[in-house]
Amino acid sequence: MELYDELVARGLIAQVTDEQEIKKMINAGKATFYIGFDPTADSLHVGHFMALCLMKRLQMAGNKPIALLGGGTGMIGDPSGKSDMRKMLTKEDIDHNIECFKKQMSRFIDFSEGKAIMVNNADWLLDLNYIEVLREVGACFSVNKMLTFECYKQRMERGLTFLEFNYMIMQSYDFYMLYQKYGCNMQFGGDDQWANMLGGTELIRKKLGKDAHAMTITLLLNSEGKKMGKTEKGAVWLDPNKTSPFEFFQYWRNIADADVMKCIRMLTFLPMEQIEEMSAWEGSELNKAKEILAYELTKLVHGEEEADKALEGAKSLFGGRGNTDNMPTVKVELTDGKIGILDLLVNTKLAPSKREARNLVSGKGIAVDDVIIEDANAQIEINGEIILRKGKKVFLKVVV
RNA sequence: GGGCGUGUUCCCGAGUGGCCAAAGGGGGCAGACUGUAAAUCUGUUGCGUUUCGCUUCGGUGGUCCGAAUCCACCCGCGCCCA
């Protein structure tokens, strides 16, 4: 199967500017394309991961990727599809985040020998002259038109600042610069970026009279229409220090039935034939698919060794065996060999406060070495290690 | 700059002087049932040394025995006018 058809079959493509042209170009490995990453946090997340995978797929077919770090656009903040303005990042935050991004990216994409390049739009955006930009670029944008864009809809109701309104212009300018500097003829991005990306193709047409293309990646939504890769506590990060490989594994292992196959198709590199076979699975059989999904993704993000560990750890916990080697571990300080259960829960961050710890205990949600603790005043003795469990899925090995 | 609104706990949203740690819903967490799924039902959801105490309703300062609720000033946000 050719690349473009595979991307379609995997459900990765949301919108394209010129399907025939793009298909021809990427199948032939003729595209030089870019994807922008704004340094909004100190780690990449699942959405970035999808973009990087797409980058990899295209790179494997001979196309040349440009990873654009948003050192300049990060100073503004993209309002697309957001209901509120984000907190403004400081220059220091942005620089730090960029360093974190760089490290993580080179794990996925081969930047050696010019196979891919990494650039930072701070290099050209930060020194722009206001009046010059207004005359040169601002004149190409219609405010009337911009105000009608769907991506600003929520902000038209709740307020959009001039700062953010300019984001689109800066992103368009990026594409225009990359076209001239590197012959970049295509841009990829999340589907929420569509308007921003078209801004770039139009700017290139107006200023240079040339055609450039844009293609968006389907946003990964769950069956309830919410963005995937988010938990109550925040994003699922690729940085093992922010989301441990075990937690990462568990996130995908616990995915809803309705979403498994979609995720396997969109996120893994398993061959399409194998995926076709799996798509016939139903009911509890799907449970196996979840394990495959979790393993494959953990392997891609954290490497085979970590994936094996996570799989082992999960199996032993849920399969009833007692292998605790790979369980997340926390060390606690004891006074005279024991600790109150409430303090233990708070110290291990299983409960945010003693109040909640108490509620968990009285709701029979806490077990030590598989024995449910019912007394909130219980003193737990720890010699060596114990297994602390909250609910059914949260396990912690506690050592002294 | 002027006018009119508005700001409540994770979110939406009730509350306009004591019965308010604050209705209801959503979300979260836990229990039952299950396949580490979904749906459903139950409990819980500010903090603590828990029949009680403490801190909270944009901020500060007042009035009052008593303030989320009244007053003054300030700040944020929205709409209209400029």
Side-chain angles (χ1 to χ4, degrees), chain A residues 79 82-88 147 152-164 222-228 230-236 244-264 278 281-295 297-298 310-321 323 326-328 339-343 345-368 370-379 387-396:
Chain A
K82 307 218 165 55
S83 57
D84 294 291
M85 183 167 168
R86 290 239 189 134
K87 192 171 164 265
M88 264 205 253
L147 288 176
Y152 297 140
K153 197 178 164 201
Q154 291 187 67
R155 302 305 293 276
M156 294 311 287
E157 285 159 18
R158 305 191 61 163
L160 175 66
T161 62
F162 187 64
L163 170 77
E164 301 167 281
N222 65 19
S223 47
E224 285 156 356
K226 288 187 185 155
K227 264 193 199 177
M228 294 201 61
K230 294 239 192 289
T231 67
E232 256 337 282
K233 296 187 183 80
V236 174
S244 73
F246 185 76
E247 288 172 289
F248 185 87
F249 182 94
Q250 283 296 313
Y251 177 81
W252 301 105
R253 184 66 242 283
N254 283 313
I255 212 156
D257 279 16
D259 300 319
V260 198
M261 288 318 297
K262 180 167 66 187
C263 290
I264 288 188
M278 289 168 70
W281 292 358
E282 278 178 4
S284 58
E285 225 182 347
L286 272 176
N287 224 358
K288 203 165 27 173
K290 293 180 192 180
E291 191 176 284
I292 294 173
L293 172 70
Y295 180 79
L297 291 183
T298 310
L311 180 64
E312 260 318 293
K315 272 191 172 165
S316 64
L317 285 177
F318 293 99
R321 275 173 290 144
N323 179 2
N326 305 314
M327 202 182 289
I339 183 168
I341 185 67
L342 300 184
D343 287 317
L345 289 168
V346 174
N347 287 354
T348 54
K349 300 209 167 64
L350 243 36
S353 68
K354 283 193 173 186
R355 184 89 199 184
E356 281 199 32
R358 198 181 294 272
N359 287 339
L360 279 169
V361 171
S362 60
K364 294 188 167 64
I366 297 298
V368 171
D370 262 340
V371 180
I372 291 177
I373 305 294
E374 306 206 31
D375 177 11
N377 297 316
Q379 293 288 315
I387 302 302
L388 187 58
R389 175 163 62 88
K390 174 188 147 199
K392 295 188 195 91
K393 295 179 197 166
V394 185
F395 294 86
L396 212 55

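All chains are named by letter (A, B, ...) in the order of the sequence lines, taking the proteins before the strands, and each is independently numbered beginning at 1.
For B:U49, there is no paired base (Watson-Crick or G-U wobble, both distances below 3.5 Å). Shown here, B:A30 forms a base pair with B:U42; the pair counts as Watson-Crick or G-U wobble because both key distances fall under 3.5 Å. Of all nucleotides present, only B:C81 satisfies the Watson-Crick or G-U wobble test against B:G1, with each distance under 3.5 Å. For B:U6, the paired nucleotide is B:G76, the pair qualifying as Watson-Crick or G-U wobble because both relevant distances are below 3.5 Å. The base-pairing partner of B:A37, taking Watson-Crick or G-U wobble contacts with both distances under 3.5 Å, does not exist among the strands shown. Under the Watson-Crick or G-U wobble criterion, with both distances below 3.5 Å, B:U16 is left unpaired in every strand shown.
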Each nucleotide in nucleotides 25-42 of chain B should get exactly one letter: B, S or -. Can you fill that in based on protein heavy atoms under 4.0 Å? --SSSSSSBBBBB-----

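If you take atom P in B:U55 and the same atom in B:C47, they sit 16 Å apart, rounded to whole Å. Comparing the P positions of B:G24 and B:G46 gives an interatomic distance of 13 Å, to the nearest angstrom. Comparing B:U69 with B:U9, their P atoms sit 14 Å apart, to the nearest whole Å. Rounded to the nearest Å, the gap between the C1' atom of B:G35 and that of B:G28 is 23 Å. Spacing of C1' atoms, B:C64 relative to B:G58, comes out at 23 Å, to the nearest Å. Distance check on atom P: B:U60 versus B:U50 gives 31 Å, rounded to whole Å. Separating the P atom of B:G27 from that of B:A38 is a span of 13 Å, rounded to the nearest Å. The gap from the P atom of B:C57 to that of B:C52 amounts to 24 Å, rounded to the nearest Å.
Across the interface with RNA chain B, nearest-nucleotide mapping of A:Pro352 and A:Arg358 shows A:Pro352 to be the residue nearer the 5′ end.
Note that CZ of A:Arg253 and CD of A:Glu291 are 5.5 Å apart. Values are rounded to the nearest 0.5 Å. How far NZ of A:Lys393 is from CG of A:Leu317: 13.0 Å, rounded to the nearest 0.5 Å. From A:Lys290, atom NZ reaches atom CD1 of A:Ile255 across 8.0 Å, with rounding to the nearest 0.5 Å. Remark: A:Lys226 NZ to A:Asp259 CG distance equals 12.0 Å, nearest 0.5 Å.
Between A:Ser362 and B:G43, a side-chain N or O to OP1/OP2 separation shorter than 4.0 Å is absent.
Each salt bridge (Lys or Arg N to Asp or Glu O under 4.0 Å) pair with one or both residues in residues 347-361 of chain A, not counting sequence neighbours, appears once here: A:Asp343-A:Lys354.
Smallest separation of non-hydrogen atoms from A:Ala357 and A:Leu345: CB-CD1, 3.8 Å. Taking both residues in full, the closest heavy atoms of A:Phe395 and A:Arg389 are given as CE2-CD, 3.2 Å, listed atom of the first, atom of the second, then distance.
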